[in-house]
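Order of the sequence lines sets the chain letters (A, B, ...), proteins ahead of strands, with each chain counted from 1.
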Protein chains: 2
Amino acid sequence: MPRMSAADRREALVRAALRVVARRGLARATTRAIVAEAGMSLASFHYAFASRDELVDALVEHVVGAEGTAVLVDELPGADVGDVVRLGLRRYLEHLRGDPDAEQAMLELTQHALRDPERHDVARRQYERYHELAEASLTAAAASAGVRWTRPVRDIARLLVAMTDGITMTWLVTRDDEAAEAAIDLLADTIGRAAAPDDPPAPEPGDRPTTAPAPAPETGATE
Amino acid sequence: MPRMSAADRREALVRAALRVVARRGLARATTRAIVAEAGMSLASFHYAFASRDELVDALVEHVVGAEGTAVLVDELPGADVGDVVRLGLRRYLEHLRGDPDAEQAMLELTQHALRDPERHDVARRQYERYHELAEASLTAAAASAGVRWTRPVRDIARLLVAMTDGITMTWLVTRDDEAAEAAIDLLADTIGRAAAPDDPPAPEPGDRPTTAPAPAPETGATE
DNA sequence: GTCTATAATGGGATAGAC
DNA sequence: GTCTATCCCATTATAGAC
């Protein structure tokens, strides 16, 4: 193996580790399996990381800190807000079906993080990000559709995030595509009913009954 | 330690294992930790179980096969169906708050089961049971409230089960009680809107379709 | 049947040559 | 810096006394 910078080596190991965790589960992702996957020696591993724990930490931050796979679509002109939710969740389901092991790895890593007070915060921040992302998308969708949410957007966002986890768990267990789609449709329809026509024909473009002030009716997550 | 039948010993070990998994996580639930918890020797363990794997299997079947903690209330006279859903989910949230580690242990064991084709079926059956239970409760709630579901009850049931998992994950990460309650309220309200007055006014007074056969009119899912 | 003591395994970490 | 070979330890599993 050619010389690599320590940073590159760490990066390569984290990627390899993710594949191994996806394939075999976190419990069986031994350092030996990981270095084999990465095509390097055990000693090289310990040159890049002080311990396996340190690698797992890096892995948690990597996947759980990766820019969130934006679930909701940013804009969809002329679409009902329910449709936006539906499409976003369907898109996520496609992603899940395409790489179930990766999503299961995510769950395992999150659970692992919950077991340690320090790591718990990493997971917590990630969920905050999820919620912010979902909220921004919902706000954008409503603005684009010319409706307002009759419930706090934050609550709807949290429902959406929770549903995503729930769909993931259920689908990983049952592998029932149709059931997942039915649940998605149902949720999208019911959420769609939490929107009402935005009666005042846009005096202030950025009005929404949420908590935080929205600067613009622009589409989607800014961060 | 007094003499115990092998069955009793297995039972005691499974219970001890559950406590250890809840406290430390599945990965760190070593046989040593488990026998210490159970107050017996390592050799006694291997007298009852051939291997640690065998114990974990028994544990999975024990928790995952335990009679489901019925989430929904059976009857609630005069209540709106949305209220039934709300109350059921709140009750579940109380349970979760009361023993978070136990629920996390459930998740870990389910995930563990997913990693092995044989064990996967155990989890699958459990989710089937969850869905049946939720469906029965929803059907009963509608009958008792004199309404009918405008969506297939099976779909609503699946949404509910997914939501339970989702709430569990989110709450375990964020520990945000108010957020969880808001999500529950929102879901309950929207699900409540999937019920319409049951026009034919109660031909059979003593009807409560707990499990399979709903004498009520159109509840939806035919299959 | 139940224990103590011990073997066997596997995996994390390191020494030291190059 | 990177490797091979090795150490060391935790854990599972078993032997054998009682």
Student: Of all the nucleotides listed (D:dT11, C:dT4, D:dC3), which has the minimum atom distance to the side chain of A:Met40?
Tutor: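 Of the options given, the side chain of A:Met40 lies nearest D:dC3.
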
Student: Let's see if you get this right: which residues in residues 46-59 of chain B place a heavy atom under 4.0 Å from DNA chain D?
Tutor: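 Result for residues 46-59 of chain B: B:His46, B:Ser51, B:Arg52, sorted by number.
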
Student: Which residue is it: A:Thr190, A:Ile191, A:Leu159? I am looking for the one with a side chain to side chain contact (heavy atoms under 4.5 Å, CB included) to B:Leu186.
Tutor: A:Leu159

Student: Between atom CZ in A:Phe45 and atom P in C:dG11, what is the gap in whole Å?
Tutor: 14 Å

Student: Please state whether the phosphate of D:dC3, meaning OP1 or OP2, lies under 4.0 angstrom from any side-chain nitrogen or oxygen of A:Ser44.
Tutor: yes

Student: Given atom CG of B:Leu42 and atom C1' of C:dG1, what is their separation to the nearest angstrom?
Tutor: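 Whole-Å distance recorded here is 15 Å.
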
Student: Check B:Ala123 against B:Thr110 and note the closest heavy-atom contact, atom names and distance.
Tutor: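 Shortest heavy-atom contact: CB-CG2, 4.4 Å.
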
Student: Hey, which of A:Arg32, A:Arg24, A:Arg19 is the one that makes side-chain hydrogen bond (donor to acceptor under 3.5 Å, both in side chains) with A:Glu37?
Tutor: A:Arg19

Student: Would B:Tyr127 and B:Asp165 count as having a side-chain donor-acceptor pair, cut-off 3.5 Å?
Tutor: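 Indeed, the side chains of B:Tyr127 and B:Asp165 share at least one donor-acceptor pair under 3.5 Å.
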
Student: OP1, OP2 of C:dG12 versus side-chain N and O of A:Thr31: anything below 4.0 Å?
Tutor: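 True: A:Thr31 side-chain N/O within range (under 4.0 Å) of C:dG12 OP1/OP2.
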
Student: To the nearest Å, how far apart are B:Met4 CE and C:dG1 C1'?
Tutor: 12 Å

Student: Ignoring hydrogens, what is the shortest heavy-atom contact between A:Arg52 and A:Leu26? Give both atom names and the distance.
Tutor: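 It is NH2-O, 3.3 Å.
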
Student: Around B:Glu94, counting heavy atoms of other residues, nucleotides and ligands shown, do more than 12 lie under 6.0 Å from its CD?
Tutor: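 It does: B:Glu94 CD has more than 12 such atoms within range.
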
Student: Do A:Arg32 and C:dG12 share a donor-acceptor pair, side chain to base, under 3.5 Å?
Tutor: yes

Student: Would you indicate, yes or no, if C:dG11 has its OP1 or OP2 atom less than 4.0 angstrom from a side-chain nitrogen or oxygen of A:Arg28?
Tutor: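 No, A:Arg28 has no side-chain N/O under 4.0 Å of OP1/OP2 on C:dG11.
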
